[in-house]
Structures are given as C-alpha cells and as structure tokens.
Asks: 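Sharing a structure with you now.
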2 protein chains.
Amino acid sequence: MEKLLIRNQLCFKFYAFSRHITTLYKPLLAELGLTYPQYLVMLVLWEKEQTTVKVLGEQLMLDSGTLTPLLKRLAQKGLLNRSRSTTDERVVEISLTTEGRKIKQKASCIPDQLMQAVNTESSDLPQLHAILSKMIDQIQE
Amino acid sequence: MEKLLIRNQLCFKFYAFSRHITTLYKPLLAELGLTYPQYLVMLVLWEKEQTTVKVLGEQLMLDSGTLTPLLKRLAQKGLLNRSRSTTDERVVEISLTTEGRKIKQKASCIPDQLMQAVNTESSDLPQLHAILSKMIDQIQE
DNA sequence: TAAAATTAAATTTTGCACAATTTAATTTTA
DNA sequence: TAAAATTAAATTGTGCAAAATTTAATTTTA
C-alpha cells in the first residue's frame with residue numbers, strides 16, 4: 001500500500017514538473033505571443049517550412065482534435081498558412097509564412113534562457129536526455 | 001540555432017512523456033471512474049482523510065481554479081465531502097467518504113500495473129526518482 | 001469498377017490548467 | 001478598533017488534450 005503514497009509516485013513527478021516547465025516558458029513565449037504547444041509547432045516549422053497536420057501530429061504526438069484549433073490560431077496570427085493539398089484533398093498542408101520565419105530570430109535565445117530557469121544540475125542533463133529518449137522511443141514503436 | 005531543433009528539447013520530452021503516462025493510466029482508472037488528476041486527489045485523501053483545498057493545492061501544485069470544479073465532480077461521485085470550516089469560513093475542508101475509502105482497495109494494484117505499462121528499464125528508476133525529486137524540491141523553495 | 005475499408009481533418013464533448021478577477025472572511029497595523 | 005492588507009475559494013475566460021463521432025476523399029478488394 002506504500003506505493004499509493006503520493007511522494008513515491010514517479011508519474012506525479014513527471015506530471016508536476018512538466019506543468020512547471022510550461023510556466024517557466026510562459027514569460028519567454030509571451031514576447032512572441034505564443035503558448036507552449038504553439039511554440040512546439042513553430043519549432044517543427046522552423047526545421048521544415050512545409051508539412052501536414054498528420055506529420056505534425058506524429059512529431060508532437062497530438063491529434064487533429066488538438067491541432068486543428070491550435071493551427072487556426074497560429075494562422076490567425078499570420079505565422080502559418082493552412083491549405084488543402086491539391087493532390088490529396090484529405091490532407092491539410094501547413095506552411096511557414098514570412099512573418100513566421102521572422103520570429104525565429106527572436107526565439108533563438110529561448111532554449112538557453114529556459115534551461116537556465118529550469119536550473120537542473122547540468123551533470124544530470126545527459127542522463128535525463130538519455131533516459132527520456134529511450135522511454136519516448138518505446139512509445140513510438 | 002541547433003538548440004531550436006525539437007529532438008534536442010528536453011522540455012518537449014517531459015511534455016510528451018507526461019501526456020503518455022496519462023493515457024496509460026486511463027484504462028486502469030476507468031474501472032474506478034476517475035481521471036488522473038482526480039486519482040491524485042484520492043491518493044492524498046487515502047493518506048490523510050481530511051484536508052483543505054489550500055493544502056491539497058500545495059501538495060498537487062494546483063490552484064483553486066482547477067481544484068474547485070474537480071472536487072465538485074468527486075463530491076458528485078460520492079467520494080468526498082466539501083464543507084466550509086466553522087472556525088475559518090474562508091477555508092473549505094475536504095474529507096473522504098466511506099465510499100471513497102472503499103475504492104482504495106481497488107486502486108492498490110494500479111501503481112504496479114502502471115509501472116509495468118510504462119516499461120521503464122528498472123535500472124533507470126532510482127536515477128529518475130532522484131533527479132526529478134531534486135528538481136521538484138527546487139520549485140517549492 | 002462498384003462496394004468496402006481506410007485515411008485525414010474536423011467537430012463535439014468533457015475535463016483539466018492557469019491567469020486574472022471577484023467575493024468574503026480574517027489579520028494586521030496605524 | 002476601524003481601515004488596510006492579506007488570505008482562501010470561487011468565478012470567468014482562454015487554450016489545450018483526448019475520446020468519440022462525422023465528413024469527405026482515397027485506396028483496397030471482391
């Protein structure tokens with residue numbers, strides 16, 4: 001029964017820390033007018049300027065129920081375009097706009113600023129990366 | 001700029017894995033009729049049968065905006081009672097009901113089942129616990 | 001090739017999360 | 001002790017998440 005003690009729950013630690021990270025991002029992303037999930041979409045588009053809702057969903061592990069309204073908001077802000085593919089009308093293509101490309105510069109300092117705020121002992125970082133990567137790879141099998 | 005690559009983002013890994021854990025809990029908690037945040041509240045109450053919204057919020061790192069409606073749902077299910085403190089009318093006391101106490105038995109197998117589903121290499125577990133505990137302790141300073 | 005199956009997004013619904021504000025009670029302090 | 005400050009919940013509003021269903025397009029297969 002001691003496994004029901006909240007302090008012993010690894011999953012609660014993930015849940016709590018993940019939310020904490022989002023609050024640390026908030027002031028940094030506010031300057032770009034983005035939420036954290038919106039920022040993740042922009043990260044993907046900064047790597048590859050054109051993609052689809054499906055591919056985006058696979059990369060971020062989010063479904064269309066989450067992405068459709070989120071992408072509409074980003075389109076509203078003028079950061080990306082949404083359009084039906086002409087070769088397959090089921091597909092919606094997402095492409096970076098000039099404005100969307102522009103704010104990549106402003107975002108370039110965010111990763112460092114954020115990690116500073118997270119303030120993880122830097123010796124723990126490689127281990128965390130390794131363990132989490134392994135765990136996430138397992139999900140995607 | 002390579003820090004803007006999504007695969008390099010530790011925070012995305014936390015975000016994605018935390019959501020993944022919640023989906024693993026879902027079928028287990030469905031038998032109790034609970035969501036994951038509701039389950040966390042029950043974990044706290046199974047340790048200490050009476051508490052307050054404020055204390056609960058500190059333990060789970062959630063505010064009244066999240067807890068108030070969540071606690072109303074748990075009260076609706078008959079698992080806990082909400083009542084204003086008589087000594088300080090600002091405070092709402094939360095107490096476990098007989099029904100709420102009863103389902104602790106049903107929940108006793110969940111931690112093991114969940115960790116099996118998470119399928120983390122068991123050699124990584126102590127490290128994860130240690131690193132996350134340290135990081136969460138820093139938040140609460 | 002027509003029917004069946006599959007696929008991609010969108011929609012609907014429920015339930016968090018959290019910032020900001022409000023309300024009411026209690027404490028502090030001038 | 002009356003005014004000011006603080007505290008605890010509740011409320012309001014926005015934006016995820018994810019399950020379930022719907023819609024429309026494409027692919028498979030009988």
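Just so we're on the same page: letters track the sequence lines, and every chain starts at 1.
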Asks: Using whole Å, report how far NZ of A/K54 lies from C1' of C/dA10.
Replies: 16 Å
Asks: Any chance NZ of A/K134 has more than 12 other-residue heavy atoms, nucleotides or ligands included, within less than 6.0 Å?
Replies: yes
Asks: Around atom CD of B/E31, are there more than 12 heavy atoms of other residues, nucleotides or ligands at under 6.0 Å?
Replies: no
Asks: To the nearest 0.5 Å, how far apart are CG in B/L114 and CD in A/Q9?
Replies: 8.0 Å
Asks: Go through the N and O atoms of the side chain of B/S64 and the base of D/dA8, and report whether any donor-acceptor pair is under 3.5 Å.
Replies: no
Asks: Roughly, in whole Å, what's the span from CG in B/L56 to C1' in D/dA10?
Replies: 15 Å
Asks: Atom pairs under 3.5 Å, N or O on each side, protein against nucleotides 12-19 of chain C: can you list them with distances?
Replies:
| from | atom 1 | to | atom 2 | distance (Å) |
| --- | --- | --- | --- | --- |
| C/dC16 | OP1 | B/T35 | OG1 | 2.8 |
| C/dC16 | OP2 | B/Q38 | NE2 | 2.9 |
| C/dC16 | OP2 | B/R73 | NH1 | 2.5 |
| C/dC16 | O5' | B/R73 | NH1 | 3.1 |
| C/dA17 | OP2 | A/Y15 | OH | 2.3 |
| C/dC18 | OP2 | A/R19 | NH1 | 2.9 |

Asks: Atom CZ of B/R84 to atom C1' of C/dT26: distance rounded to whole Å?
Replies: 13 Å
Asks: Calculate the interatomic distance between B/L67 atom CG and D/dT11 atom C1'; express it in whole Å.
Replies: 14 Å
Asks: Output the rounded distance in Å from OH (A/Y39) to C1' (D/dC16).
Replies: 18 Å
Asks: Going from CG on B/L4 to NZ on A/K104, what distance comes out if it is rounded to the nearest 0.5 angstrom?
Replies: 6.0 Å
Asks: Between A/Y36 and A/T23 (side chain of the first, backbone of the second, donor and acceptor by atom type, cut-off under 3.5 Å), is there such a pair?
Replies: no
Asks: N/O contacts under 3.5 Å, protein versus nucleotides 23-25 of chain D?
Replies:
| from | atom 1 | to | atom 2 | distance (Å) |
| --- | --- | --- | --- | --- |
| D/dA25 | O3' | A/E89 | N | 3.4 |

Asks: Roughly how far apart are A/D137 CG and A/M135 CE, rounded to 0.5 Å?
Replies: 11.5 Å
Asks: Consider only side-chain heavy atoms of I, L, V, M, F, W and Y, link residues closer than 4.5 Å, and tell whether B/V91 and B/V41 are in one cluster.
Replies: no
Asks: Are B/V55 and B/V44 joined in one hydrophobic group, where the rule is that I, L, V, M, F, W and Y side chains link up if heavy atoms are under 4.5 Å apart?
Replies: no
Asks: For atom CD of B/Q50, is the number of surrounding heavy atoms from other residues, nucleotides or ligands below 6.0 Å larger than 12?
Replies: yes
Asks: With pairs taken as Watson-Crick or G-U wobble and both distances under 3.5 angstrom, which stems of at least three consecutive pairs involve DNA chain C?
Replies: C:1-30 with D:1-30
Asks: Can you tell me how far P of C/dA10 sits from CG of A/L71, to the nearest Å?
Replies: 8 Å
Asks: What is the distance, to the nearest angstrom, from the CG atom on A/L34 to the C1' atom on D/dT14?
Replies: 15 Å
Asks: Rounded to whole angstroms, how far apart are CD1 on A/I94 and C1' on C/dA10?
Replies: 13 Å
Asks: Decide whether B/L128 and A/L125 are clustered together by the hydrophobic rule: side chain heavy atoms of Ile, Leu, Val, Met, Phe, Trp, Tyr closer than 4.5 Å, transitively.
Replies: yes
Asks: Are OP1 or OP2 of C/dA10 and a side-chain N or O of A/R82 less than 4.0 angstrom apart?
Replies: yes
Asks: At what distance, to the nearest 0.5 angstrom, does CD of A/E49 lie from CG of A/L45?
Replies: 8.5 Å
